[in-house]
There are 2 protein chains.
Amino acid sequence: MVVDESASGSLDRLFHALADPTRRDILRRCADDGLSVSRLAAGYPMSFAAVQKHVAVLERAGLVAKRRRGRERLVRTEPEALARARRALDDLEALWRGRVERMSGLLTPEPRTEAHDQQEGPNR
Amino acid sequence: MVVDESASGSLDRLFHALADPTRRDILRRCADDGLSVSRLAAGYPMSFAAVQKHVAVLERAGLVAKRRRGRERLVRTEPEALARARRALDDLEALWRGRVERMSGLLTPEPRTEAHDQQEGPNR
DNA sequence: CTCATCTACAACCATTTGGTTGCACGTTAG
DNA sequence: CTAACGTGCAACCAAATGGTTGTAGATGAG
């Protein structure tokens, strides 16, 4: 695994974590209240370790946090990360909206002509 | 490849497509106006075919559409899909908000007690 | 203390992903 | 018409993903 702590990597982890139905379901189940990993794992047709890995993916993405209660670890979804994902989509959408505005011919006649600046870069 | 045309699969493809910096960059570059695949590929340190594959992933996710102009294919980002992704995040966030509201003890004393309904199911 | 439970983690395996090169096909320029 | 260009697709490869089983460390129950 490539350990990349860039902002881009953060979004990568976020969207990657969301791109799996089991993980999205875990987020839903843990939104109400904390669920122990065992209790969580009991709800899926796969091994405990597999669910544990999914939780780890969500945790690395910042979508979930664990706090201990006795010998259990309560998993709870972290709302901040959801907001972060939404902000990223908003940025993308704002760009599109910008295109529409230019098409309407109302704003910023020609702010950029040819060279597209890539603020994030296709690093991998 | 597992061909799954369920609603869950649609979200999978959407978020998976967004989970790559190159693809997010393609979305940005194609938000302004349509870009031919060649022109697009020239902007990245990888082969033409690799960029072509990224575009295909975006296309399968519905994030991008191609229209032909002469012998070129103009790639343009499809704003509807962005909205769809945002709606999915809103659903997740609404669930979390529901938890907070119950914690505040202001609304819906006990709408659901124990059995979590899973509207999407951990199918894979 | 002893045992059962919850969790973490390593090793392993099949499939998918992201990249490559090479080739075939349609279309446009000259 | 012919050549060059733009595109799509297949075959191949290394690495990542998603699953498995097994082992080991903490912690709480009795």
Side-chain angles (χ1 to χ4, degrees), chain A residues 1-4 8-9 11-27 30 34-61 63-76 121-124, chain B residues 1-4 8-9 11-27 30 34-61 63-76 121-124:
Chain A
M1 179 193 298
V2 178
V3 277
D4 182 359
S8 150
L11 275 187
D12 291 359
R13 287 190 292 274
L14 229 183
F15 285 123
H16 169 69
L18 290 171
D20 182 287
T22 300
R23 287 195 286 262
R24 288 194 301 271
D25 195 70
I26 290 177
L27 285 181
C30 294
L35 236 61
S36 82
V37 185
S38 309
R39 196 119 179 66
L40 201 48
Y44 300 98
M46 67 185 77
S47 73
F48 172 83
V51 174
Q52 206 177 16
K53 280 192 185 182
H54 281 302
V55 171
V57 170
L58 290 166
E59 201 173 12
R60 258 177 277 128
L63 278 163
V64 124
K66 279 188 281 195
R67 68 180 221 275
R68 31 183 326 160
R69 185 184 63 182
R71 57 183 160 184
E72 300 174 331
R73 303 293 182 108
L74 279 307
V75 180
R76 218 183 53 181
N123 49 347
R124 174 163 200 83
Chain B
M1 178 194 297
V2 178
V3 276
D4 183 0
S8 149
L11 275 187
D12 291 359
R13 287 189 292 274
L14 229 183
F15 285 123
H16 169 69
L18 290 170
D20 182 288
T22 300
R23 287 195 287 262
R24 288 194 301 273
D25 195 70
I26 289 177
L27 285 181
C30 294
L35 236 63
S36 81
V37 185
S38 310
R39 197 115 177 68
L40 201 47
Y44 300 99
M46 66 186 76
S47 72
F48 171 83
V51 174
Q52 206 178 16
K53 280 192 184 182
H54 280 302
V55 171
V57 170
L58 290 167
E59 201 173 11
R60 259 177 277 130
L63 278 163
V64 124
K66 280 188 281 195
R67 67 180 221 275
R68 34 182 323 161
R69 185 184 63 182
R71 58 184 160 184
E72 302 174 330
R73 303 294 182 108
L74 281 307
V75 179
R76 217 184 54 182
N123 49 348
R124 175 163 200 79

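The figures here come from the full heavy-atom set of this structure, side chains too, leaving out hydrogens, waters and symmetry mates. A note on names: the letters A, B, ... follow the listed sequences, proteins ahead of strands, and every chain is numbered from 1.
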Base-contact (B) and sugar-phosphate-only (S) positions in nucleotides 1-7 of chain D, heavy-atom cut-off under 4.0 Å, - elsewhere: ---BBSB

Toward the 5' end of DNA chain D, by each residue's nearest nucleotide, A/R69 or A/V51: A/V51

[X] vs [N]: side-chain N/O to OP1/OP2 distance below 4.0 Å:
X: B/R23; N: C/dG18; value: yes
X: B/H54; N: C/dT17; value: no
X: A/H16; N: D/dG18; value: yes
X: A/S47; N: D/dG19; value: no

Pairwise distance CG(A/L14) to CG(A/L58) - rounded to 0.5 angstrom: 10.0 Å

From A/Q52 atom CD to A/S38 atom OG, the distance as rounded to the nearest 0.5 Å: 9.0 Å

Counterpart residues, side-chain hydrogen bond (donor to acceptor under 3.5 Å, both in side chains), relative to A/R23 (two or more places apart): A/H54

Contacts of type side-chain hydrogen bond (donor to acceptor under 3.5 Å, both in side chains), residue B/R69, not counting sequence neighbours: B/E72

Over how many whole Å does the gap from [X] atom [atom1] to [N] atom [atom2] extend?
X: A/R68; N: D/dG28; atom1: CZ; atom2: P; answer: 7 Å
X: B/Y44; N: C/dG18; atom1: OH; atom2: C1'; answer: 15 Å
X: B/R60; N: C/dT16; atom1: CZ; atom2: C1'; answer: 11 Å
X: B/K53; N: C/dG19; atom1: NZ; atom2: C1'; answer: 7 Å
X: A/L58; N: D/dT17; atom1: CG; atom2: P; answer: 14 Å

Who are the side chain to side chain contact (heavy atoms under 4.5 Å, CB included) partners of [X], not counting sequence neighbours?
X: B/A41; answer: B/F48, B/V51
X: B/A56; answer: B/R60
X: A/A50; answer: A/M46, A/S47

Pair assignment for DNA chain C - dot-bracket with | for other-strand partners, Watson-Crick or G-U under 3.5 Å: ||||||||||||||||||||||||||||||

Touch class at under 4.0 angstrom, heavy-atom based, for A/A49 against every strand present: base

Pairing residues for B/R67 by the salt bridge (Lys or Arg N to Asp or Glu O under 4.0 Å) criterion, not counting sequence neighbours: none

Salt bridge (Lys or Arg N to Asp or Glu O under 4.0 Å): pairs with one or both residues in residues 40-59 of chain B, sequence neighbours excluded: B/E59-B/K66

